[in-house]
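Remarks on the structure that follows.
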Amino acid sequence: MAPQTRRVPSFPKIVIERDSDTEESSEEEEDFDDEVQKLAGEASDEEQAEEKDEASTSTKRKREPITISLKRVCKVCKQSGHEAGFRGATYIDCPMKPCFLCKLPGHTTMTCPHKVATEFGVFPAPLKNSHNSLKYLFDRQLKCHVPKMKPAFVIPNKVDCAVIRYHSRRVTCLEFHPTKNNILISGDKKGQLGVWDYEKVHEKIVYGNIHSCILNNMKYNPLNDGTVYGASSDGTVSSTDLETGISSSLVDLNPAGWQGRSSWKMLYGLDLNSEKGILLAADNFGLLYMIDARSNNVTGKPILIHKKKSKVTGLHCHPLQPDLLLSCGNDHFARIWDIRRLEDGSSIYNLQHNRVVNSAYFSPQSGSKILTTSQDNRIRVWDSIFGDLDTPSREIVHSQDFNRHLTPFRAEWDPKDISESLVVVGRYISENYNGVALHPIDFIDITNGQLVAEVIDPNIMTITPVNKLHPRDDVLASGSSRSIFIWKPQENTELERGEDVNRIIICGKAEKSRKGKLDDDSGDDDMFDSKKNSKTKKIQLKSKVHGGKRKC
């Protein structure tokens with residue numbers, strides 16, 4: 001597809017001619033002048049002075065035309081003469097700033113080469129020094145035995161079922177059950193925990209008494225898959241029984257309650273070292289806490305793993321060597337640690353980024369690769385943790401530079417992919433699909449940066465930042481605003497059931513009056529729904545696409 005440019009229209013001018021022979025203008029002319037002033041703004045001081053001079057001259061002399069220029073101010077650079085921001089599904093860049101997508105000067109988002117390239121914007125791996133014995137041994141003796149063929153990617157590309165307005169606030173995290181394939185748990189901004197059987201569709205419940213604010217991360221207990229751990233911005237780590245909803249607090253970093261913003265501790269990163277039975281949690285002050293999952297007590301003192309008073313956004317233990325820990329944070333670094341000798345400044349390696357790092361993960365099969373998502377619109381890949389970590393193997397340009405009133409974007413691995421090359425991530429900048437502005441979910445091959453598929457549904461007009469691939473089935477779970485969607489491959493969906501099966505649940509006033517839990521029908525990220533006032537039209541479209549709907 002050839003690059004398309006958008007012509008910025010010239011700003012119009014309004015010409016007013018006055019032909020009256022009287023000293024004062026008629027009432028119709030004054031009304032017309034008022035309307036022009038409302039549209040065009042106030043005239044310049046020079047034009048106003050000229051108008052006053054003409055009013056004091058002879059009434060029989062014909063007045064000269066008055067020209068008023070419309071003045072528009074850019075919201076980005078605060079200068080006049082141009083605009084910036086979204087116009088429908090198209091983002092118009094400020095010409096005084098670098099490209100919003102790739103952050104490089106000289107072009108705009110519409111003409112960005114990383115937007116229109118088939119590789120979806122890839123910076124190739126830099127040439128690295130290969131004169132070392134380890135790489136020589138790998139190339140000559142091992143690489144020839146590594147299969148070059150990758151399995152065909154199976155993309156879940158059609159919504160199979162959904163719960164609309166399931167949570168009372170935006171969805172912040174999703175996790176599939178480790179043994180029951182049809183169970184999905186979800187957390188939201190209000191601290192609620194949802195449990196949904198998406199095969200039976202109608203079997204769902206929301207526990208609203210676990211946390212008082214954002215539930216940022218969840219992990220299953222490996223010794224009891226009916227229990228889930230949660231880390232919240234209220235400074236607590238909870239252990240919740242999914243059957244009863246009974247929760248107990250393992251850690252409370254704010255026992256004295258609210259003492260001011262400067263001292264309030266919030267927990268974001270959470271992971272579990274299954275070999276040692278240690279639960280790891282990190283807060284917004286750069287500190288790591290180690291919790292004995294058997295005794296439910298904090299062991300040792302908190303350790304500073306990122307810059308002091310900077311948020312640790314994520315933690316991930318190596319899948320084969322759980323003693324290796326990968327962390328990321330607001331200090332623009334992802335860091336590798338050995339928790340057996342963990343202390344301040346003892347990181348094995350520091351992976352530098354240009355801006356905040358939203359997430360960092362080891363590859364799910366071998367743990368030899370690293371995938372990070374940063375606020376500078378880059379997805380970075382390191383092909384081997386045993387190689388040169390000074391620079392990433394690839395930087396993939398992707399639109400994810402937004403997190404205000406929105407859960408941060410995180411690129412996540414496909415845990416079923418044995419080639420460790422397929423990742424899924426939501427997209428911020430909307431695209432125009434037959435006149436409708438939609439935010440697709442992207443599947444990217446990180447070995448070459450190619451966009452494998454972009455998944456859309458005409459009913460999902462909000463941004464979809466939370467995405468989780470099933471560890472065993474070809475299923476994708478997506479959290480968009482307060483709703484959750486289950487995607488499956490279109491061929492499988494059509495074979496399993498016909499189009500007349502009701503698979504859409506709409507939670508509304510009936511649900512609130514019956515259970516009394518979803519007591520707030522507004523979410524702070526609902527502002528991103530460009531069609532919020534046309535709910536009837538969207539529900540009719542759901543019936544056409546999915547064959548019907550079911551109300552709670």
Could you check if a side-chain atom of [X] sits within less than 4.5 angstrom of a side-chain atom of [Y], using non-hydrogen atoms only?
X	Y	answer
Lys369	Ser384	no
Leu287	Ile303	no
Asp457	Phe485	no
Ser327	His306	yes
Phe362	Cys317	no
Ile305	Leu315	yes
Ile486	Val475	yes
Cys102	Asn377	no

Check the surroundings of atom [atom1] in [X]: do more than 12 heavy atoms from other residues, nucleotides or ligands lie under 6.0 Å from it?
X	atom1	value
Ile418	CD1	no
Lys416	NZ	yes
Glu203	CD	yes

In chain order, what residues pass the salt bridge (Lys or Arg N to Asp or Glu O under 4.0 Å) check against Lys309, with sequence neighbours excluded?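 Listed in chain order: nothing, the list is empty.
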Evaluate the criterion side-chain hydrogen bond (donor to acceptor under 3.5 Å, both in side chains) for residue pair Trp196 and Ser186; output intermediate values, then yes/no. CA-CA 8 Å; Trp196 180 33; Ser186 56; over 6 Å; no
Do any N or O atoms from the side chain of Asp388 and from the backbone of Thr391 form a donor-acceptor pair under 3.5 angstrom? no
Mark yes or no for whether Ser363, through its side chain, and Ser368, through its backbone, hold a donor-acceptor pair below 3.5 Å.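 Yes.
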Aromatic rings Phe176 and His470: how do their planes relate, parallel, tilted or perpendicular, breaks at 30° and 60°?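 Rings of Phe176 and His470: tilted, 30 to 60°.
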[X] versus [Y], closest heavy-atom pair with distance:
X	Y	value
His167	Gly187	CE1-C, 4.4 Å
Trp413	Val423	CE3-CG1, 4.0 Å
Val356	Ser374	O-OG, 3.1 Å
Arg427	Asp442	NH2-OD1, 2.7 Å
Asn254	Asp234	ND2-O, 3.2 Å
Tyr289	Pro302	CE2-CB, 3.5 Å

Partner set under ring pair (Phe, Tyr, Trp, His ring centres under 6.0 Å) for Tyr361, not counting sequence neighbours: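 Here the qualifying residues are His316.
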Show the numbers, then the answer: is there a side chain to side chain contact (heavy atoms under 4.5 Å, CB included) between Leu324 and Ile348? CA-CA 9 Å; Leu324 287 180; Ile348 300 175; 3.8 Å; yes
Do [X] and [Y] have side-chain atoms, one donor and one acceptor, less than 3.5 Å apart?
X	Y	value
Asp225	Thr179	yes
Ser480	Ser478	no
His211	Thr236	yes
Ser346	Arg341	no
Asn467	Glu412	no
Glu420	Ser366	yes

Could you state the interatomic distance from [atom1] ([X]) to [atom2] ([Y]), rounded to the nearest 0.5 Å?
X	Y	atom1	atom2	answer
Asp383	Ile370	CG	CD1	10.5 Å
Trp487	Cys161	CH2	SG	12.0 Å
Leu422	Ile444	CG	CD1	9.5 Å
Ser168	Tyr166	OG	OH	11.5 Å
Leu325	Met290	CG	CE	9.0 Å

For residues 270-282, which residue pairs pass the salt bridge (Lys or Arg N to Asp or Glu O under 4.0 Å) check, not counting sequence neighbours?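 Pairs touching residues 270-282 that pass the test: Lys276-Asp323.
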Please list all pairs meeting ring pair (Phe, Tyr, Trp, His ring centres under 6.0 Å) that have one or both residues in residues 329-355, counting only residues at least two apart or in different chains. His353-Trp382
Please name all residues satisfying side chain to side chain donor-acceptor pair (under 3.5 Å) with Arg410, sequence neighbours left out, ordered by chain then number. none
Side chain to side chain donor-acceptor pair (under 3.5 Å) partners for Ser233, two or more places apart: Asn216
One thing to verify: whether Lys488 and Asp473 come together as a salt bridge, which I'm taking to mean a side-chain N less than 4.0 angstrom from a carboxylate O. no
Any carboxylate oxygen within less than 4.0 angstrom of a Lys/Arg side-chain nitrogen, looking at Asp188 and Arg169? no
For Thr227 and Ser239, what are the C-alpha separation, side-chain angles and deciding distance, and is it a side-chain hydrogen bond (donor to acceptor under 3.5 Å, both in side chains)? CA-CA 7 Å; Thr227 303; Ser239 176; 5.1 Å; no
Lys180 vs Asp197, salt bridge (charged side-chain N to carboxylate O under 4.0 Å, His left out): CA-CA, chis, key distance, verdict: CA-CA 9 Å; Lys180 300 177 182 179; Asp197 185 342; over 6 Å; no
Give a yes/no verdict on a cation-pi contact between Lys311 and Tyr268, requiring under 6.0 Å between NZ or CZ and the six-membered ring centre and an angle within 45° of the axis.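 Satisfied, under 6.0 Å and within 45°.
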List the steps and the verdict of side chain to side chain contact (heavy atoms under 4.5 Å, CB included) for His318 and Ile385. CA-CA 11 Å; His318 195 279; Ile385 61 175; 4.1 Å; yes
Could you go through Asn221 and Tyr229, starting from their C-alpha distance and side-chain angles, then the distance that decides it, and tell me whether this counts as side-chain hydrogen bond (donor to acceptor under 3.5 Å, both in side chains)? CA-CA 7 Å; Asn221 185 345; Tyr229 298 114; 3.2 Å; yes
Show your working on side-chain hydrogen bond (donor to acceptor under 3.5 Å, both in side chains) between Asn354 and Arg378 and close with a plain yes or no. CA-CA 9 Å; Asn354 295 331; Arg378 298 291 190 276; over 6 Å; no
